[in-house]
Amino acid sequence: MIQLRAVTLREIRLPLREPFRISSGAVQDRRILLLELEDEEGVSTWSECVAPELPYYSYESVETAWLALREWLIPPLLGRAFSHPSDVHPVLDDMVRGHRMAKAALEMGFWGLGAEKAGEPLARYLGGTRTSLDVGVSLGITDAPEALAERALREAEAGYRKIKLKIRPGVDLDYVAAVRKALPDANLMVDANAAYGLEDWPHLVELDAFGLTMVEQPLDGEDLVRHARLQERMKTPLCLDESITGMDRTEDMITLGSARIVNIKAGRVGGLAVSLAIHQRCLEEEIPVWCGGMLESGIGRSYNVALASLPNFTLPGDLSPSARYWARDIVDPEWTMTPDGQVTVPLHRPGLGVEVDRDRIHSLTANELRLER
Ligand code: OSB
Ligand code: MG
């Protein structure tokens, strides 16, 4: 049984080593909302909210997540007994519409506590089977095709098993062509973060020439029907990210044929229970899935790595090592990658598999609030 006694919200500022630019905006200092959860038996863990500073990816932001957690999500759960973490999401979903990133941060914390209490590594507690995972890198929008190609080459040499290029109208075909020329055999894909319209289809179809593994989220998150029209016209598999907000959208995608691959981010779909359900449904339909990222700190990364150890995560995940993002992470050990592009699933201890660096978090904290029953 898990019964929350207290949750501490903290907002930290963690500077990225280099700005990260996608079609809808750029980020330099990552503002990250962390949760520290304590249960009635004195067990505690940490979780992370993926909401970015501004609502450029979905309507959620650090501020909306803080509000939702403080006012609507945490107070009713304090002291409430749950026999299993999978019971948390239905309760949150009955209380509040949307705000999935805020819900996910809290729900994932319950899985962290559950794993601690069961004495199991989070990956095994979730049903994960793998011991090491293929890692991909997500490269932000750069100023020139040559610079991007050079960067991609360096990352391929560092071992990454998949290279994802961010694109937007005007920053696409030339960039992809340059990278493909530098890396003729690489597992290469692009992510548009919803920057195109269906009217761009003749242009998007030109991406078919580059042998990409997939084109991620070319159209708006709401556009499942238009994605299906586009998929009919394109040879390259489409992959959905922003569109897949839960089980219903997954079913709609399958019914409509909107895409052939799914990017699962627990933070986007409201947590791990929904992620497991999407993973299972896609397995039944033989739709491969992979684990996306939202520039998480080492805490969020623990949850992503654990989730990605499940069997149908057959494509490399956006699970880059700590050093790709931060001068220093907030966990010990930091997340690393082997020279052949693998991350090792920590199985040597219960819970997240990393120690949280409280002193460092303290020094980075801009805002803190403890809620207790
Ligand atoms: O679309 O996958 C995305 C980062 C912020 C917002 C959206 C996305 C991303 C990434 C980063 O691609 C992947 C990572 O965390 O390495
Ligand atoms: Mg994406």
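All ligand and atom numbering here is 1-based and tracks the order in the structure. Owing to the predicted nature of the structure, the values given are computational and were not obtained by experimental measurement. All heavy atoms count here, side chains included; hydrogens, waters and symmetry mates do not.
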Under 3.5 Å donor-acceptor pairs involving side-chain atoms of residues 305-316, not counting sequence neighbours:
| unit_1 | atom_1 | unit_2 | atom_2 | d |
| --- | --- | --- | --- | --- |
| S309 | OG | A306 | O | 2.7 |
| N312 | ND2 | I287 | O | 3.0 |

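Here the closest non-hydrogen pair linking A115 and P350 is O-CB, 4.2 Å. Of all heavy-atom pairs spanning A259 and Q231, the tightest one is CA-OE1, 3.9 Å.
Atoms CG and CE, on N187 and M214 in that order, are 6.5 Å from each other to the nearest 0.5 Å. The line from CD1 of I299 to CE of M108 is 11.5 Å long, rounded to the nearest 0.5 Å.
For H203, the NE2 atom sits in a packed shell: over 12 heavy atoms of surrounding residues, nucleotides or ligands are nearer than 6.0 Å. Enclosure of atom CD in E232 by more than 12 non-hydrogen atoms of other residues, nucleotides or ligands within 6.0 angstrom is indicated.
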* Start with the C-alpha distance between E296 and K265, add both sets of side-chain angles, then the distance that settles side-chain contact (heavy atoms from CB on, under 4.5 Å), and finish with yes or no. => CA-CA 11 Å; E296 287 91 345; K265 292 176 180 169; over 6 Å; no
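Protein residues having a heavy atom under 4.0 Å from any atom of ligand 1 are F20, Y57, S138, K164, K166, D191, N193, E216, D241, K265, G293, M294, L295, D318, Y325, listed by chain and number.
Shown here are the protein N/O/S atoms lying under 2.8 Å from the Mg ion (ligand 2), water excluded: D191 OD2, E216 OE2, D241 OD2.
Counting only residues at least two apart or in different chains, side chain to side chain donor-acceptor pair (under 3.5 Å) contacts with residues 266-277 comprise D241-R268.
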